[in-house]
Amino acid sequence: MDKKASILVVDDEYGVLQSFKMVLGSDYNISLAESGEKALQIFGETSIDLVLLDILLPDSNGIDLLKKFKGIDADVEVIMVSAVKDIKTAVEAMKFGAYDYIVKPFVVEEIINVVSRAIEKHRLLRKVTYLKDELERFQPFEKIVGQDPKMIEIFELISTISDSDGAVLIQGESGTGKELVARAIHRLGNRKDEPFVVINCAAIPETLMESEIFGHSKGAFTGASAVKVGKLELADKGIVFLDDVDTLDIAMQAKLLRVIQEKEIERLGSTKLIKIDVRFIAASNKNLKRLIQTGHFREDLFYRLNVFPVEIPPLRERRGDIPLLLNHFLEVYSKSNGKPVKKFSGGAEKILIENYEWPGNVRELQNLVERMATITKGNVIFPKNISDFSLNKKEIRDIPLKDAVDIFEKDFINDVLKKVQGSRKDAARILGIHRNTLIKKMNEQE
Ligand SMILES: Nc1ncnc2c1ncn2[C@@H]1O[C@H](COP(=O)(O)OP(=O)(O)OP(=O)(O)O)[C@@H](O)[C@H]1O
Ligand SMILES: [Mg+2]
């Protein structure tokens, strides 16, 4: 079942508070406050989706309170509750972002309707925030390409483990497709309609890490001016992807271990325990066993995460997948550029498939093909063009001298041209060749 939404009812009349609780209590988590001050306190400590706010309170003015709530959490929905005589104020409140108003004495049906509409709007808003985040990371290439037996084994593993709740640890060099595999597990599993929330352990500064992951209550520390929902809470019912998990410091590792064991969290500055139901998928391009030996990774956390280990081999150990990947990305990028599909010459293909070590794995290959599909003028790409694409030359092995000279020459000429700010005359002089020869070589390379 869906997690219940939380409603805060603010009214100074005991009877009103109780009747709201009776009407809404079975469908929502209800908090009650009999004063503005109490309401603000609860609001700072609890995650509230909707406030039912009496306009006339002994200690505060409804509109001021509304502004404060919105200041703390801009997404919160507020429904004003007014006596007939202050409808004008209620209407004014709408200008400051109240969702609606209801008039006392009220009709139960009306309350249930307006509350459920407001909650639905709030739920959608949250979803939109989450989707926006996701869109920024959107990858058009969700398809995992591979036919090497090692990859087939991984595909089988993914479909076996996707419906389980056990943690997954994906290890592999940079660019081998760890995140792609994590997303595939999400897409195929029973949590597919719930969030996939990425915690990028390497990119979040250590000082912000705790509040990113656990969230914080208002005033938890200097600068915490609003409640923040942490990523673990955001991922409730779904999957948390701990990317580059090896970069977490030891203290955070301990905290994470606790969450995995206890399945509950506390926001910073709050003592309230919040139950969460998430599946963990972690990824690392380091050898975690080695990090355990050197004391940089907790062994107990490793075993908690390593329920289902997935090891993605580097691209150079599954060379059969290279032509497949080259063709896949050629097609994707030619299509997105609206250009005819380009081809590698036999010689170029041979180097890429047999002689290059692909230190950046599939990501490097993908980038190479993208640049090629965009930059290369002709329809065929030759070995001498390869240097356009900044492959790491040291990682090219065992190729004929002529190809090596082609690849090297172009780089060398380009370096000289850069040094003389593109002056062909100066470059020709430095290189000791005639200007026409230089121009010919430059044209050949395109
Ligand atoms: N087998 C594959 N088929 C198609 N695309 C792939 C494959 N493997 C990786 N990719 C693509 O290569 C890029 C890098 O993959 P991904 O981000 O999953 O790697 P990673 O292992 O998480 O890398 P890093 O360790 O650097 O974070 C992505 O754009 C992904 O779509
Ligand atoms: Mg990654």
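We use all heavy atoms of the structure for the numbers below, so side chains are in, but hydrogens, waters and symmetry mates are not. When a ligand or atom number is given, it counts from 1 through the structure's own listing order.
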Exercise. After noting the C-alpha distance and the side-chain angles of Glu120 and Arg123, does the key distance pass the salt bridge (Lys or Arg N to Asp or Glu O under 4.0 Å) rule?
Worked result: CA-CA 5 Å; Glu120 177 61 14; Arg123 206 183 56 78; 3.1 Å; yes
Ignoring hydrogens and angles, write down the donor-acceptor pairs under 3.5 Å from the side chains of residues 254-264, residues two or more places apart or on other chains.
residue: Lys255; atom: NZ; partner: Glu210; partner atom: OE1; Å: 3.2
residue: Lys255; atom: NZ; partner: Glu210; partner atom: OE2; Å: 3.2
residue: Glu264; atom: OE1; partner: Lys275; partner atom: NZ; Å: 3.1

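Each of the atoms 1 (N), 2 (C), 3 (N), 4 (C) of ligand 1 lies under 4.0 Å from some heavy atom of Val145.
Heavy atoms of Leu325 found under 4.0 angstrom from ligand 1 belong exclusively to the side chain. In Phe329, the part holding a heavy atom less than 4.0 Å from any atom of ligand 1 is the side chain. Heavy atoms from both the backbone and the side chain of Glu179 come within less than 4.0 Å of ligand 1.
Backbone and side-chain nitrogen or oxygen atoms of Ser174 are examined, and one is located within less than 3.5 angstrom of a nitrogen or oxygen of ligand 1. The shortest N or O to N or O distance between His328 and ligand 1 is not below 3.5 Å. Between Gly177 and ligand 1, at least one N/O pair is under 3.5 Å apart. By the 3.5 Å distance cut-off applied to N or O atoms, Lys178 is counted among the residues near ligand 1. No N or O atom of Val362 sits closer than 3.5 Å to an N or O atom of ligand 1. At least one N/O-N/O distance between Leu180 and ligand 1 falls below 3.5 Å.
With respect to Asp148 and Arg318, no salt bridge is recorded, no charged nitrogen being found less than 4.0 Å from a carboxylate O. At a threshold of 4.0 Å, the pair Glu173-Lys178 does not count as salt-bridged, since none of the basic side-chain nitrogens sits closer than that to a carboxylate oxygen.
Considering only non-hydrogen atoms, atom 24 (P) of ligand 1 lies nearest to Gly175 out of Ser284, Gly175, Gly146, Gly172.
Here the shortest heavy-atom pairing between Asn355 and Arg319 reads N-NH1, 4.3 Å. Residue Ala93 comes nearest to Met80 through the heavy atom pair CB-CG, 3.5 Å, listed as atom of the first residue, atom of the second, then distance.
Ring orientation note: the planes of Phe221 and His216 are nearly perpendicular, at an angle over 60° on the 30°/60° scale.
Applying the side-chain hydrogen bond (donor to acceptor under 3.5 Å, both in side chains) rule to pairs touching residues 153-168 yields Asp165-Arg191, sequence neighbours excluded.
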